[in-house]
Amino acid sequence: MQLFSVPIPPVSSHPGGSIVCTVPSPQVYLLTFTSPNDNRLTPGFCRALMTALDVIEFGHEPGVVVTTSGITKFYSNGLDLGMAVETPGFWENSLYPLYKRFLTYSMPTVALINGHAFAGGFMLAMHHDYRVFTGSGRGFACVNELDFGAHLPPPLSAVFRVKTTPLVYRTLVLEAKRFDAKAALEAGLVDAIGDLDVVLKLVKERNLTKKGTTGVYGLLKEEMYKELIQLLDVKGEMAAGRPDIRIVETKRRETGEEWFKQWKESQGGKAKL
């Protein structure tokens with residue numbers, strides 16, 4: 001049964017789409033987002049998803065929110081990085097509020113990852129309370145900033161520090177490993193492998209539809225994740241990380257290369273490299 005839908009407005013090369021809410025089981029609100037080609041987290045996508053969460057929280061009885069993709073190849077391919085950098089206030093007005101909304105939502109949330117979840121798309125899933133990854137080889141979860149030369153500002157990396165072990169964090173960030181469903185489960189990145197039936201089983205076994213009825217579920221999460229919330233609340237030029245970080249790194253390398261040149265000359269040809 002369709003409960004409501006929220007349009008995702010088009011922007012630039014992204015045609016937009018919709019978020020449809022259905023109720024596959026009593027008090028289980030399934031949000032299916034479809035924004036071709038790969039559910040990029042544009043400002044319009046972020047706003048539409050937050051609107052859907054508002055409609056459920058303020059217009060319906062407490063239960064469980066499940067998110068998934070209507071594009072089976074991708075759960076979400078993350079940001080359009082060029083758009084993110086060029087859109088004033090994107091980080092503090094669109095992306096971080098979306099992550100914070102899930103992190104502190106007043107009822108349990110489950111990400112049903114049914115395709116690739118890369119970079120910001122995987123971060124979206126990580127800000128849910130639970131994650132279920134479809135099996136049969138459909139998709140990988142990956143933090144691949146290393147591959148395309150983007151640094152991770154504190155608000156983006158913090159969720160992995162908080163919700164994973166140091167070794168998993170290292171593998172995610174410094175190796176950019178692609179986790180399939182089995183590897184993600186073994187690493188503790190997801191809670192189960194399967195499709196919607198497995199999500200509904202998890203909800204039933206953990207009695208999740210009742211967890212938001214006492215009015216403190218979101219408050220408890222605010223205390224659990226207070227350090228992460230503080231980072232997500234950052235404003236201004238620091239929202240995307242230190243604005244001078246690339247300049248500092250370039251200067252460091254230039255200084256190092258000059259040192260090496262002088263060191264090599266000082267060895268008088270004795271250095272064996």
Side-chain angles (χ1 to χ4, degrees), residues 40-43 45-47 49-50 53 67 75-105 109 111 113 117-131 141-179 184 187-190 218-253:
R40 295 280 179 157
L41 304 182
T42 64
F45 184 103
C46 295
R47 181 64 260 172
L49 190 46
M50 285 189 284
L53 294 176
T67 68
Y75 176 77
S76 171
N77 203 15
L79 310 183
D80 178 327
L81 190 56
M83 178 180 295
V85 171
E86 295 169 5
T87 302
F90 170 77
W91 308 96
E92 62 264 47
N93 296 329
S94 296
L95 187 67
Y96 296 164
L98 176 63
Y99 288 169
K100 180 181 176 181
R101 190 75 171 98
F102 274 101
L103 195 67
T104 62
Y105 199 59
T109 57
I113 305 171
F118 287 162
F122 187 33
M123 294 169 198
L124 174 62
M126 288 298 298
H127 283 85
H128 290 58
D129 299 312
Y130 303 90
R131 284 157 295 284
C142 180
V143 180
N144 59 336
E145 275 74 4
L146 177 67
D147 293 337
F148 57 87
H151 76 285
L152 279 174
L156 295 184
S157 64
V159 70
F160 299 108
R161 288 202 307 271
V162 171
K163 290 192 174 185
T164 70
T165 67
L167 290 180
V168 171
Y169 181 58
R170 181 186 68 185
T171 304
L172 276 166
V173 175
L174 297 184
E175 298 176 18
K177 177 178 176 176
R178 295 189 174 196
F179 288 79
L189 293 168
V190 301
L219 298 177
L220 292 171
K221 290 195 289 184
E222 286 186 23
E223 170 58 26
M224 286 177 63
Y225 302 124
K226 59 185 178 182
E227 295 85 2
L228 178 50
I229 292 168
Q230 185 177 8
L231 290 172
L232 291 171
D233 282 338
V234 67
K235 304 293 182 184
E237 63 178 8
M238 293 299 293
R242 284 173 47 198
D244 65 340
I245 193 167
R246 288 289 191 182
I247 297 173
V248 171
E249 176 62 11
T250 298
K251 181 63 176 177
R252 186 190 71 84
R253 292 190 65 85

> For Thr42, which residues count as a side-chain contact (heavy atoms from CB on, under 4.5 Å) partner, sequence neighbours excluded?
Replying inline: Val11, His14, Arg40, Phe45, Met83
Testing the basics here: between [X] and [Y], what is the closest heavy-atom pair and its distance to 0.1 Å?
X: Lys163; Y: Met126; answer: NZ-O, 2.7 Å
X: Leu189; Y: Arg131; answer: O-NE, 2.7 Å
X: Asn144; Y: Phe118; answer: OD1-CB, 4.3 Å
X: Ala158; Y: Leu228; answer: CB-CD1, 3.3 Å
X: Leu41; Y: Cys46; answer: O-SG, 4.1 Å
X: Ala111; Y: Tyr75; answer: CB-OH, 3.6 Å

>> So does Leu53 get a backbone contact from the side chain of Tyr105, meaning a donor-acceptor N/O pair under 3.5 Å?
In response: yes
Less than 4.5 Å apart, side chain to side chain, heavy atoms only: is that true for [X] and [Y]?
X: Val234; Y: Trp91; answer: no
X: Phe148; Y: Leu81; answer: yes
X: Phe90; Y: Val85; answer: no
X: Thr67; Y: Leu124; answer: no
X: Glu222; Y: Ile229; answer: yes
X: Asn93; Y: Thr87; answer: no

> Is the number of heavy atoms from other residues, nucleotides or ligands under 6.0 Å of Gln230 CD greater than 12?
Replying inline: no
> In a check of side-chain contact (heavy atoms from CB on, under 4.5 Å) between Val173 and each of Leu152, Val168, Leu146, which one passes?
Replying inline: Leu152
> Can you say whether the rings of Phe160 and Phe122 are parallel (under 30°), tilted (30 to 60°) or perpendicular (over 60°)?
Replying inline: tilted
Which value, rounded to the nearest 0.5 Å, describes the distance between [X] atom [atom1] and [Y] atom [atom2]?
X: Met123; Y: Tyr96; atom1: CE; atom2: OH; result: 9.0 Å
X: Phe102; Y: Thr109; atom1: CZ; atom2: OG1; result: 6.5 Å
X: Lys100; Y: Leu231; atom1: NZ; atom2: CG; result: 11.5 Å
X: Glu145; Y: His151; atom1: CD; atom2: NE2; result: 10.0 Å

>> Run the salt bridge (Lys or Arg N to Asp or Glu O under 4.0 Å) test against Glu86 and tell me which residues pass, sequence neighbours left out.
In response: none
> Can you list the residues that meet the salt bridge (Lys or Arg N to Asp or Glu O under 4.0 Å) rule with Lys177, with sequence neighbours excluded?
Replying inline: none
>> Test side chain to side chain contact (heavy atoms under 4.5 Å, CB included) on Leu156 and Val143; report intermediate values, then the result.
In response: CA-CA 10 Å; Leu156 295 184; Val143 180; over 6 Å; no
> What do the steps show when you test Lys221 against Asp129 for side chain to side chain contact (heavy atoms under 4.5 Å, CB included), and what is the final call?
Replying inline: CA-CA 9 Å; Lys221 290 195 289 184; Asp129 299 312; 3.0 Å; yes
